[in-house]
Amino acid sequence: MQRHVRKAVFPVAGLGTRFLPATKAIPKEVLPLVDRPLIQYAIDEARAAGIDEFIFVTAKGKSALEDYFDSAPELERSLREKNKTDLLAALKPTEVPSGGIAYVRQQEALGLGHAVWCARRLIADEPFAVILPDDVIEADVPCLKQMVDAYAEVRGAVVAAMEVPRAATASYGVLDVASENGQLIRMKGMVEKPKPEAAPSTLAVIGRYILPPSVLETLGQMKRGAGGEVQLTDAIAEEMVEGRPVHGFRFRGRRFDCGSKAGYLQATVAYALSRPDLRDEFAEFLSHTIEMARAAE
Ligand code: G1P
């Protein structure tokens, strides 16, 4: 099998109901952390891992995403005329070479596994990455790059993994661990959203995957699982049943669940504090605000 991972799938068909009413008219993937949309963080991470083909699985109401990665001749002309080179530079990461980005529609909301399956013809017969843009990971070495490096050492699927409190297992895919070797976890199973008492471990899957094309075939035959949806977790678990290796990977970095309001706010604060142009003023504002809140208690 080809080893180099060139393609990434971004499932972005979700309705984003947790951010209503904001997401009534805009996709949640274009909500900004400071000044960059969530999807930009995901694309940058894929690029840093050597990926140059981006496949979006979209749905109705997501056209803002296509516009975001399109050229903007009028805007660029106006910025050029005003000599705004810094703003022109800020637009650079939104440019994707022609043919580098493709969109497929998921016509029915049948789950993450079904969304990935919708991209099967574009992925064809090679290993591919999946990035869930809700999971934003701040790291010195971008998470997917860490995983691509790990993938070069092991065969089969690699999924990002992180310890979560046992009470939280019902929000995640959870690993059934066979053995551990440094950051790599050899798995013997994987369960989608188990209740805390039934969870085989407290190691949760985070939204980064490197998968062999056999997963796509499995997805095509998959019955609906947890929540009545076709689960990616179940198709990856099937890899192990077929005797193919699957590894969890303890990435280095800080993950924010930007699918939740609390996680989104935490990410906003963390990214604002990491920006030299905002840090000092923002940190002062935060400590002042906390002091005032304490004093009012
Ligand atoms: C999805 C996956 C789950 C994974 C999670 C990570 O769930 O199905 O296995 O642990 O992403 O964020 P969702 O959050 O879409 O319900």
Side-chain angles (χ1 to χ4, degrees), residues 5-31 37-43 46 51 53-70 94 96 98-135 157 159 171-173 190 192-193 205 207-239 257-260:
V5 185
R6 302 183 303 152
K7 300 180 180 178
V9 178
F10 302 83
V12 290
L15 290 174
T17 49
R18 277 191 274 182
F19 284 93
L20 281 171
T23 47
K24 183 183 173 198
I26 53 162
K28 70 171 169 184
E29 295 81 10
V30 300
L31 293 175
L38 290 178
I39 194 66
Q40 185 70 60
Y41 290 82
I43 289 279
I51 284 163
E53 286 190 46
F54 311 102
I55 303 165
F56 282 58
V57 183
T58 68
K60 196 177 265 166
K62 297 280 180 166
S63 52
L65 276 170
E66 296 185 36
D67 293 342
Y68 179 79
F69 288 108
D70 202 352
T94 71
V96 181
S98 295
I101 193 159
Y103 301 88
V104 281
R105 285 242 177 159
Q106 184 188 25
Q107 281 103 340
E108 274 183 286
L110 294 178
L112 176 61
H114 178 260
V116 171
W117 179 76
C118 288
R120 69 198 177 282
R121 298 221 170 105
L122 295 168
I123 299 164
D125 195 25
E126 54 182 281
F128 61 100
V130 177
I131 296 189
L132 309 187
D134 274 2
D135 282 329
V159 305
S171 302
Y172 297 97
M190 208 173 158
E192 182 67 8
K193 305 204 163 86
V205 178
R208 302 290 184 276
Y209 307 76
I210 295 174
L211 302 173
S214 49
V215 167
L216 297 171
E217 234 169 89
T218 310
L219 281 170
Q221 292 144 24
M222 211 74 224
K223 294 202 188 68
R224 297 190 192 191
E229 298 187 331
V230 178
Q231 295 295 349
L232 186 58
T233 295
D234 296 345
I236 299 170
E238 193 59 28
E239 287 289 292
D257 174 12
C258 291
S260 78

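Nothing here was measured: the structure is a model prediction, and the numbers come from that model.
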Rounded to the nearest 0.5 Å, the SG atom of Cys258 sits from the CD atom of Glu29 at a distance of 11.5 Å
Heavy-atom neighbours of Leu31 CG exceed 12 at 6.0 Å: yes
Quick test of your reading of the model: are [X] and [Y] salt-bridged, counting only N-O distances below 4.0 Å?
X	Y	value
Glu217	Arg120	no
Glu229	Arg224	no
Lys223	Asp234	no

Per side chain to side chain contact (heavy atoms under 4.5 Å, CB included), Phe10 is matched among Leu132, Ile39, Ile101, Leu65 by Ile39
Paired with Val130, the side chain to side chain contact (heavy atoms under 4.5 Å, CB included) test is passed by just one of Val215, Leu211, Val57, namely Leu211
Exercise. Quick check, are the ring centers of Phe56 and Phe69 under 6.0 angstrom apart?
Worked result: yes
### Message
In the structure I gave you, are the side-chain heavy atoms of Val205 and Met190 within less than 4.5 Å of one another anywhere?
### Response
yes
- Are Ser260 and Arg18 close enough that some pair of their side-chain heavy atoms sits under 4.5 Å apart? yes
Asp134 and Gly259 have their tightest heavy-atom pair at OD2-CA, 3.6 Å
Glu53 side chain vs Leu122 backbone, donor-acceptor pair below 3.5 Å: no
